Amino acid sequence: MLTVAVLISGTGSNLRALLDAAADPEFPARIVVVGADREADGFAHAEEYGIPTFMVPFAQFASREEWGAELATQLDVWRPDLVVLSGLMRLLPADLVDAWSPRIINTHPAYLPEFPGAHGVRDALAAGVAQTGASVIIVDNGVDSGPILAQERVPVLPGDDEHALHERIKPVERRLLIDVVRRVATGDLDLAAVSASAQL
Ligand code: GAR
């Protein structure tokens, strides 16, 4: 059984979908802890499932590196097989990424490498594209630049605002994330091999 830590910043709707999937005894992964960089609304989903939570408030640390060191300490308590960034809206310091990559993955609401960064949905709308997408990647030391594990196109429709488009993307993200976690857990998807071949 693959053990998973999920890190969030916000509502945690993708976390919720992963928790619901993992509640199925047939699902080959279990979420063991949920962490956040702030008092995130998404903690409620973890609490509903009786899953422990931790918070490492970014604002209380003098630097990104000190914040990341505390995050690493918390993750070390749980020693998950996989870390999932599911809406964590912070760049991780290199030490933490180096310690966990390739066993750390991220969901992103755009078809990477298009529209990386904190405003993937807004940037796609501003660019006037006809379609954007959702991606799941391995986290590396760039901004949403790691090897792509799964992605799918999502249309931009006339009249879309950022919220409407994001709400159309999120179900796709959830499906991709759940599928990636399942494939990592069953061994169908070898993160180390994907990472190694991306570095060739
Ligand atoms: C998701 O769309 C996720 O991809 C995005 O934040 C949302 C979190 O929603 N993450 C990023 O944009 C990271 N660059 P949720 O809290 O409802 O799951």
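This one's a predicted model, so the numbers in the text were calculated from it and none came from an experiment. These numbers come from the heavy atoms of this one structure, side chains and all, not from hydrogens, waters or symmetry mates. Order of listing sets the numbers, starting from 1, for every ligand and every atom in it.
Among the atoms of His166, some N or O lies under 3.5 angstrom from an N or O of ligand 1. Of the polar atoms of Gly12, at least one N or O is found under 3.5 Å from an N or O of ligand 1, judged by distance alone. Checking only distances, Ser86 never comes within under 3.5 Å of ligand 1, N or O to N or O.
Within the 4.5 Å cutoff, the side chain of Trp78 has no heavy atoms near those of the Val4 side chain. The shortest side-chain heavy-atom distance between Glu152 and Tyr111 does not fall under the 4.5 Å cut-off. Put simply, the side chain of Val194 does not reach to within 4.5 Å of the side chain of Asp190, judged on heavy atoms. For the pair Leu82 and Trp100, the minimum side-chain heavy-atom distance is 4.5 Å or more. Taking the side chain as every heavy atom from C-beta outward, Phe61 and Glu70 approach each other to under 4.5 Å.
Taking a cut-off of under 4.0 Å to the non-hydrogen atoms of Gly87, the atoms of ligand 1 that pass are 6 (O), 8 (C), 10 (N). Interface of Ser13 with ligand 1, defined as ligand atoms under 4.0 Å from a residue heavy atom, comprises 15 (P), 16 (O), 17 (O), 18 (O). Using a 4.0 Å cut-off to heavy atoms of Asn14, the atoms of ligand 1 that qualify are 1 (C), 18 (O). Those atoms of ligand 1 that come under 4.0 Å of a heavy atom in His108, given as number and element, are 4 (O), 14 (N). Taking a cut-off of under 4.0 Å to the non-hydrogen atoms of Gly117, the atoms of ligand 1 that pass are 14 (N).
Heavy atoms of His119 come nearer than 4.0 angstrom to ligand 1 in no pair at all. Under the 4.0 angstrom criterion for non-hydrogen atoms, Ile8 is not in contact with ligand 1.
In terms of protein heavy atoms, atom 12 (O) of ligand 1 is closest to Pro109 CD, 3.3 Å. Looking from atom 11 (C) of ligand 1 to the surrounding protein, the closest heavy atom is Met89 SD, 3.6 Å. Ranking the protein heavy atoms by distance from atom 3 (C) of ligand 1 puts Glu173 OE1, 3.3 Å first.
A side chain to side chain contact (heavy atoms under 4.5 Å, CB included) with Glu173 is found for one member of Val154, Val136, Asn14, Ile178 and no other, namely Asn14.
Using a 4.0 Å cut-off between charged nitrogen and carboxylate oxygen, Arg175 and Asp179 do not count as a salt-bridge pair.
Here Arg16 has no heavy atoms under 4.0 Å from ligand 1, in either its backbone or its side chain.
With sequence neighbours excluded, the residues satisfying side chain to side chain contact (heavy atoms under 4.5 Å, CB included) with Asp144 are Asn106, His108, Leu112, Pro116, Ile137.
Hydrophobic clustering (ILVMFWY, side-chain heavy atoms < 4.5 Å, transitive): Leu85 and Val184 are in distinct clusters.
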